[in-house]
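Data block below; observations after.
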Protein chains: 2
Amino acid sequence: MKRFGEEMQQRRKSTRKSPTMLDVAQSAKVSVATVSAVVNGSTPVSPELRSRIETAIQQIGYKRNTIARSLKIGTTRTIGLMVADITNPFFTDVVSVIQDVLHRAGYAVMLCCNDEDINLQDEQIELLLDRMVDGLIIAPAGEDAHLKRILASASVPTVLIDRLCDGIETDAVILDNRRAVLDATAYMLSLGHRRIGYISGSLETSTGRERLAGYRAALDAAALPFDEKLVQIGNFREKDAYKAAMQLLTSAGRPSAIFSANNLMVIGVMKAIRDIGLRCPDDISVVSFDDFPWADVFQPHLTTIAQPVQTIGEQAAQLIIDRLSGRGMEPPRRLMLQGRLIIRDSCRPFPLTAPHATA
Amino acid sequence: MKRFGEEMQQRRKSTRKSPTMLDVAQSAKVSVATVSAVVNGSTPVSPELRSRIETAIQQIGYKRNTIARSLKIGTTRTIGLMVADITNPFFTDVVSVIQDVLHRAGYAVMLCCNDEDINLQDEQIELLLDRMVDGLIIAPAGEDAHLKRILASASVPTVLIDRLCDGIETDAVILDNRRAVLDATAYMLSLGHRRIGYISGSLETSTGRERLAGYRAALDAAALPFDEKLVQIGNFREKDAYKAAMQLLTSAGRPSAIFSANNLMVIGVMKAIRDIGLRCPDDISVVSFDDFPWADVFQPHLTTIAQPVQTIGEQAAQLIIDRLSGRGMEPPRRLMLQGRLIIRDSCRPFPLTAPHATA
DNA sequence: GATCTTATTCGAAACGTTTAGATTGTGTCA
DNA sequence: TGACACAATCTAAACGTTTCGAATAAGATC
């Protein structure tokens, strides 16, 4: 019987629910209100009681139940973060700093990825809202009406990163995409390239549209015609970009240079170039949106547009923190940052005049 | 006056708390218990009432409050996920698939990064436990006693990924690190290299130790002496690895090959090689743990050990899901997966016999 | 017609906090 | 000594669910 009792004890021990404020209160012979007061430091408590309660907390191993607390105070100190694809180094970096800043401010981060899928996206947002996050930081995969409805009806502050959504008036931090691509394209034009292929991201996103607009603007500025056969949609993923680049490279008027609208896609582009049997930069020049940490160690050293990921993340986190602490009803703030063209050596002048000239 | 009333209305509308079950119940003229029954499908409800309640829900725009629900049922359907560094593509990939699998199973994911910092790590775990996650998936930065205490006292199921912690007996999915590095080292030895530099990760982690053990095992197997001057600690980050490689490359008996114990570090190694004025693979051979998606497009095409990231993520997620649905008290399961050596061309035979021979 | 099932529905007590307002005790001052 | 202020503490009502057991109604059985 003793044995059985012990087993019960054991079982109870491993499965018993965690101690509550009431347990602490009873052990310290005070009311739960007083315990709450010392736990939160909300009301002054006499030194004796305070220390009695503190030792009781230690002894019992009490941890306050955040769920109950959240229910009462209506706040979870948790931020929902949704990006298109965590696997994309740009988003990875941004997520990393957002996570860091928010943690420092005492917020937890709930992460979602929509895989550039507009349906999944709505599901994910619902999941986050369902978890009662206090705020949302999102890079939308696209701007369907559903998303707008959800965001409008949910009353949590939202900040958009990387991509805007027209019709959604919230805080946002984005890049001057048009300008960045304009600069990059102008650079290629300055090298003499006239037929520049453009591998685009999804035109459902503001980044997709703005970057393409930058390309066109550069052509306009140089008084060159826009040839729509030179632009292919790669949807921001490697696979699609590979096919798109293949298309471009096997077509009649093959371009002498290619611009890739993001980091994932340039890998696909490079694979296509290799598979076709061309070499970069000897046979074809390449510039890509988004920088890589390894870009100046591995060849070809890619010329890229670097985004200020650190700043983007910091600002986004700060915007949501501000919103949640007071600045509730102020008009939305939009931050637009500048990209930076990093010239390495994935581009050659065209037509080639260097000793290496092929034809 | 009308105006004032309207403003109030307006104000109330934008700031009023979301509708509760009670609101639905009153609108449908039933009890909250019945509303709960139809929301959860827990008890049979007659068709009339069901439809009355459902339309009321639609009309009012009711969403159930998950916080209250969690408080009552004692479960949050949220998993805490902590990795050393989300910026590391290996972790990024694993996080991505874990996230995906868990979402499909209806779990949300709370993400933390400890930045390979053992103090931050404890803080992060506390944060997660404080948020009352139902389970934990973690890649520990190190195995301090504190972590063990926390995990022991918290009664949430835990699965370790990538790294073990002795003294913590939980489900885990890891790689056969020793074997993988043994194979890679054997490969380098087979090319004739005798002095192989080793850039190690932190020996606070099981991966750091096991990988190094694999290196030593390969030397042993070839009856070669272990020269501790050939191993440098790079702590899994690029910066440290750069310094470590510099050390190695400028030392008296410079190695003819270098093994890097992870992906981040190999970038540092390559930078060091470049800065010293050497070329890979012509002057020095390199192999790295962890594969890159761009490895066979950019040069030198790195020879790497690829981890089955997809499987690691899937299994880890599955282990926690299983634990949370019934399999509560079964003994811990340990999954050990195999790495795969992908031979590209960052290694040359040594001494060089090929036409390119330099000396 | 009384009793017993069976199927719905409901009332009310949790879950573990927070917090407004009531209560108590102590010291001050007339 | 009584009135009063003031601080510390407590009581009890929320927060929005879930769920157990009770209540009700309608058939079924004798």
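Labels below follow one simple rule: chain letters A, B, ... track the order of the sequence lines, proteins then strands, and each chain is numbered from 1.
- Nucleotide C:dC15 holds its P atom 14 Å from the CG atom of A:Leu71, rounded to whole Å.
- The CD1 atom of B:Ile53 sits 12 Å away from the C1' atom of C:dT8 (whole-angstrom rounding).
- Residue order along DNA chain D, read from the 5' end via each residue's closest nucleotide, puts B:Ala68 first among B:Ser42 and B:Ala68.
- Taking 4.0 angstrom as the limit, B:Ser31 places none of its side-chain polar atoms (N or O) nearer than this to OP1 or OP2 of C:dT9.
- DNA chain C is contacted by both A:Val32 and B:Ile73; B:Ile73 maps to the nucleotide lying nearer its 5′ end (nearest heavy atom per residue).
- Proximity of B:Thr66 to the phosphate of D:dT17: no side-chain N or O atom is located under 4.0 Å from OP1 or OP2.
- A close approach under 4.0 Å does not occur between any side-chain nitrogen or oxygen of B:Arg64 and OP1 or OP2 of D:dT17.
- The CG atom of B:Asp130 sits 13 Å away from the C1' atom of C:dT17 (whole-angstrom rounding).
- Residue A:Asn65 places none of its side-chain N or O atoms closer than 4.0 Å to OP1 or OP2 of C:dC15.
- Among the nucleotides C:dC10, D:dT11, D:dT18, the one closest to any side-chain atom of B:Ala33 is C:dC10.
- The CG-C1' distance, from A:Asn40 to C:dT19, rounds to 10 Å in whole Å.
- Distance B:Arg50 CZ to C:dT9 C1': 13 Å, rounded to the nearest Å.
- Note on B:Thr20: every side-chain N or O is 4.0 Å or more away from OP1 and OP2 of D:dG16.
- Between the side chain of B:Ser70 and the main chain of B:Thr66, a donor-acceptor pair closer than 3.5 Å is present.
- Under the 4.5 Å side-chain criterion, counting only non-hydrogen atoms from C-beta, B:Asp171 is not in contact with B:Leu160.
- Contacts of A:Val30 with the nucleic acid, taken as non-hydrogen atoms under 4.0 Å apart, involve only primed sugar atoms and P, OP1 or OP2.
- Proximity of A:Thr43 to the phosphate of D:dT9: no side-chain N or O atom is located under 4.0 Å from OP1 or OP2.
- Of the listed residues (B:Ile174, B:Val173, B:Ile161, B:Val159), just one forms a side chain to side chain contact (heavy atoms under 4.5 Å, CB included) with B:Leu335, and that residue is B:Val173.
- With salt bridges taken as basic N to acidic carboxylate O contacts below 4.0 Å, none links A:Arg104 and A:Glu314.
- In this structure the side chain of A:Leu127 reaches within 4.5 angstrom of the side chain of B:His103, judged on heavy atoms.
- Phosphate contact (OP1/OP2 of D:dT9, side-chain N/O of A:Thr34, threshold under 4.0 Å): absent.
- Across all strands, A:Ser36 comes closer than 4.0 Å to base atoms (heavy-atom distances).
- In this structure, CD1 of B:Ile67 is placed 13 Å from C1' of C:dT17, rounded to the nearest angstrom.
- Nucleotide D:dG16 holds its C1' atom 7 Å from the OH atom of B:Tyr62, rounded to whole Å.
- Computed from coordinates, the A:Leu49 CG to D:dT9 P distance equals 4 Å when rounded to whole Å.
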